[in-house]
Amino acid sequence: MTSPYNPAEIEPAVQAYWEDCGAFVVREEAGREKFYCLSMLPYPSGQLHMGHVRNYTIGDVISRYQRMLGKNVLQPMGWDAFGLPAENAAIERRMPPAKWTYANIDYMKGQLKRLGFAYDWSRELATCTPDYYRWEQWFFNRLLDKGLAYKKMAVVNWDPVEQTVLANEQVENGRGWRSGEVVERREVSQWFIRITEYAEELLRDIDKLEGWPESVKTMQRNWIGRSEGVEFGFEVEGERERLGVYTTRPDTLMGITAIFVAGEHPLAGKVAQSDAKVAAFVAECKNAATAEAELEAMEKKGVPLGITAAHPLSGERIDIWAANFVLMGYGTGAVMAVPAHDQRDWEFAVAHGIEIRPVIAPPGDAQHDFDQSALITKAGTLINSGEFDHLDFARACDAIADHLEKAGLGKRAVKYRLRDWGVSRQRYWGCPIPVMYDGDDKVVQVPDADLPVVLPEEVAFSGVKSPLKERTDFRQTTLPGSGEPALRETDTFDTFVESSWYFHRYCCPGADAMLDARADYWLPVDQYIGGIEHAVLHLLYARFFHKLLRDAGLVKSDEPFTNLLTQGMVLKDGSKMSKSKGNTVDPQSMIERYGADTVRLFMMFASPPDQALEWNDAAVAGAHRFLRRWWQLAARSAGDVAGAKATLAANGWAAAIDDPAALDLRRRVHAMLQKANRDYRKFHYNTVIAACMELLNAMDKFNPAPSADGAATDGAAAGEAMDPQRAAVLREGLVAMTCVMAPITPHIAHRLWRDLDEPGDVIDAAWPQADADALRGEAVELVVQVNGKLRGHIEVAATAGDEDIQTTALAHDKIRKHTDGKVIRKVIVVPGRLVNIVVQDA
RNA sequence: ACCCGGGUGGCGGAAUGGGUAGACGCAAGGGACUUAAAAUCCCUCGAUGGCAACAUCGUGCCGGUUCAAGUCCGGCCCCGGGUACCA
């Protein structure tokens, strides 16, 4: 027990013990409360980075804590193994992506094990294995059956570096999320999944996600982008079809003084055939589309088409313009312009001399200068709108919408910003989309019995173009039934498809189906932990997929993640750790130097999980110092305390202890427990650790290390056995601290638990509760204020009444100094806290 | 522009539903031990004035509510993140 703290010896031994007894392998147990704790699975890039370590430490602390609360805890881990980096690495190293990926998984798994995470490795999965993706292909067949997956030509975001299509979610500021290159627009035949079919439910159910951060919910709401409005048409001279527009402000209908259509709008195209100026503008819009992203604020440009439309209510002739800011992809590609009440329309109108016609009076008596800006309000009442004058916003919208509907000119409509999910990728290293094409290029499903469509792993991979196109053994196949020749699809799925259901599959390892009944035992996930960067992408797709699975009868719940914790970034020198910035710290070197417990402790101590964490080498050493002091205190506090414990327990601890220092220490032990219990629930591990450090400082003073000359600095002389009562109280503190620290630093806790003669393993110890009796002191210290300023402290009996407290406070020397010669107006007593004496000059 | 966060010592960060601002740790300074260094231990550590006791100021800025405001209310400023011609 006197050996120095040596994590290099302790940690592998404890990990081997856990592995040998299958400590973290779990089964479904009917009637026992379950807890499914999930961390976002890593991409096997080669080695863990600090972001992973932080994410997985948080998940592990939560899992181990929940286990000590008595729950049946599932904490799985796996690999998001398909994706582009494997292809890049393959080109660089001239090895197949599969080989590179599996080698990385192997190495990173070793790193995770070295960190001591309590994973059930028997459920491990890698998304690139046919065992996994065959069910994805099977499910795609179900989506095809239901018409929820379909193929269409579409203008797509084309990443010129990655040579592939990107989803809208993967385009950031007009650039590819991974390549950072400006995205081009191309028309390609693509596979889509009908997420828009679920837009309403995905939006509505956000309200159920009480355990999610508000920020993430807001981002998802904005992304889905629901709006309510009216769709209606304008009669256009010389056109049979009406020109449809969509508006969320039908109340401003009488203020329309122009109509704007997109450059790609058919009407603009038609006029362009005979009008060179319009033709030039349309061409400019098309070219600008590519460069659009590069221009921070593009100039608002437009040309008149030289044709007019009839206002649906007044019949007035209104000019139609082509304008570069109207998007063909949203609404109808045409908008009504109300320059008086829309800032963008106002700017365009001012630049092109279009009439600004106010139809809303400013609220109250306010005046508005339409030469300065548009009047944006929903608070005014209508003017210049005939029969609709004097109506407020809500009534005007209703009345005008009713009018349009009755006249058959339009109808109320709900629109979403959300687009269907494009899942085709022109990449090799992904899950093959399980379809084929017959001689007429018609889509034919691969029968379930022929799944999986296996991706060939031994490939010569030299360039960016998918080797699948050249592999005739993969490409050429035959039609089911007839045996006629057919060609396989060579596109693969977006890797977000795999990561949308991996946590379902964790529940059902080895199932000879996509999922089985076990899924509903574990799901929904009780706690999900991951990076904020997935607020929309992954978390929206996963919610969507869960609903698809539900509607296929595979799960029962509506939402997959009950609670979500988004951890903050790991920073170094104020900016995010990244290879490109060259400010990374390798977790491996830290583990080798200090041990896993120190790295985990620092991660949890430096800041709360949802905030950014600043890496600090010196503070890591400080965390290590704490573990060493704890270890040493435990070592010199060993010895048999069973007898004293039994005596104290029999008589009631609080009543039986007569040593005031022991009584005080015991109060501190239980104060720590009270704080730890409260803060564990809030994920405030930094303050839990601070409370343990405080307790350690107190215990260190209670049983100090002998000084060099052999004499103890306080209390009993060195070598002399400690008073049994004191020893028992100290032991209680050490045991409590070991429990509380166990989820954070599980290796040292495991070893000390044994050394402290506690039964079983600390991973299964019952979570300790604070003893109210221990917290109740004989006396309490109160703060005394005069006019809100701190002037002194008094000690009163815990049972003292307000009268006594007041008398004691007023009698205090320092207080009298501040109250003498003054009139006492009021005395406020806050029980257990303070006394405030309000005085006034006489 | 809009929507979320957030501004507290030299630094990371604490502070139950208004109730001792700066817990805990890091860094720094001083001291002990040591031939020396490392390690360890002890002390100091928001600002200003004072030998000191102590006093005054202090949680981005201005104002308000209250016996009492980092915390609540109103108005601004700054930083981080997200979304943006969305009709």
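Letters A, B, ... are given to chains in the order of the sequence lines, protein chains preceding strands, and every chain is numbered from 1.
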Is there a side-chain contact between His818(A) and the phosphate of A55(B), meaning an N or O under 4.0 Å from OP1 or OP2? yes
For nucleotides U65(B) and C73(B), find the distance between their C1' atoms and express it as a whole number of Å. 7 Å
Under 6.0 Å between ring centres, would you say that holds for Phe605(A) and Tyr685(A)? no
Taking the C1' atom in each of G19(B) and G70(B), what is the distance between them to the nearest angstrom? 13 Å
Which is more 5' along RNA chain B, the nucleotide nearest Gly333(A) or the one nearest Leu790(A)? Just name the residue. Leu790(A)
Determine, using ring centers only, whether Phe325(A) and Phe348(A) are less than 6.0 Å apart. yes
Describe the nucleic acid contact of Gln343(A) in one word from base, sugar-phosphate, nothing, applying a heavy-atom distance below 4.0 Å. nothing
Quantified in whole Å, what is the P atom distance between nucleotide C42(B) and nucleotide C24(B)? 13 Å
For Trp346(A) and His341(A), I'd like to know if the aromatic rings sit close, meaning centre-to-centre distance below 6.0 Å. no
For G19(B), take OP1 and OP2 only and decide whether either is under 4.0 Å from a side-chain N or O of Asn836(A). no
Under 3.5 Å, is there a donor on one side chain and an acceptor on the other for Arg825(A) and Gln840(A)? yes
According to a strict under-4.0 Å criterion, is Arg344(A) in side-chain N/O contact with OP1 or OP2 of A1(B)? no
If I pick the C1' atom on C67(B) and the same atom on A14(B), what distance separates them, to the nearest angstrom? 26 Å
Considering only side-chain heavy atoms of Pro608(A), which listed nucleotide, C26(B), G82(B), G13(B), is closest? G13(B)
Taking atom C1' in both C78(B) and C61(B), what distance in whole Å separates the two? 10 Å
Examine U16(B): is either OP1 or OP2 under 4.0 Å from a nitrogen or oxygen in the side chain of Arg833(A)? Give yes or no. no
Side chain of Lys789(A), heavy atoms from C-beta onward: which of G12(B), U56(B), A87(B) has the nearest atom to it? U56(B)
Ignoring the backbone of Ala690(A), work out which of A87(B), A55(B), A23(B) is nearest its side chain. A23(B)
Side-chain N or O of Asn697(A) versus OP1/OP2 of G25(B): is the shortest distance under 4.0 Å? yes
Provide the distance between the two C1' atoms, one in G60(B) and one in A55(B), to the nearest whole Å. 27 Å
Is RNA chain B part of any stem, that is, at least 3 consecutive Watson-Crick or G-U pairs with both distances under 3.5 Å, and where? B:1-7 with B:77-83, B:10-12 with B:24-26, B:28-32 with B:40-44, B:46-49 with B:54-57, B:60-64 with B:72-76
Looking only at the side chain of Leu834(A) (C-beta and beyond, no hydrogens), which of the listed nucleotides C3(B), U20(B), A87(B) gets closest? U20(B)
Contact list (N/O, under 3.5 angstrom) for nucleotides 38-40 of chain B vs protein:
from   : atom 1 : to        : atom 2 : distance (Å)
U40(B) : OP1    : Arg628(A) : NH2    : 2.8

So what does Ala337(A) touch, heavy atoms closer than 4.0 Å: a base, only the sugar-phosphate, or nothing? nothing
Can you find a donor-acceptor N/O pair under 3.5 angstrom joining the side chain of Arg678(A) to the base of U16(B)? yes
Are Trp615(A) and Phe602(A) an aromatic pair, judged by ring center distance below 6.0 Å? yes
Protein within reach of the bases, or only the backbone? For nucleotides 43-53 of chain B, mark each nucleotide 5' to 3' as B, S or -, using heavy atoms under 4.0 Å. -----------
Salt-bridge present (Asp813(A), Arg791(A); N to O < 4.0 Å): no
Measuring only the C1' atom in each nucleotide, how far is U59(B) from A23(B)? A whole number of Å is fine. 15 Å
Does A87(B) have its OP1 or OP2 closer than 4.0 Å to a side-chain nitrogen or oxygen of Tyr246(A)? no
Please state the P separation for the pair G9(B) and G46(B) - nearest whole angstrom. 12 Å
Of all heavy-atom pairs linking Leu202(A) and Arg543(A), the shortest is O-NH2, 2.7 Å
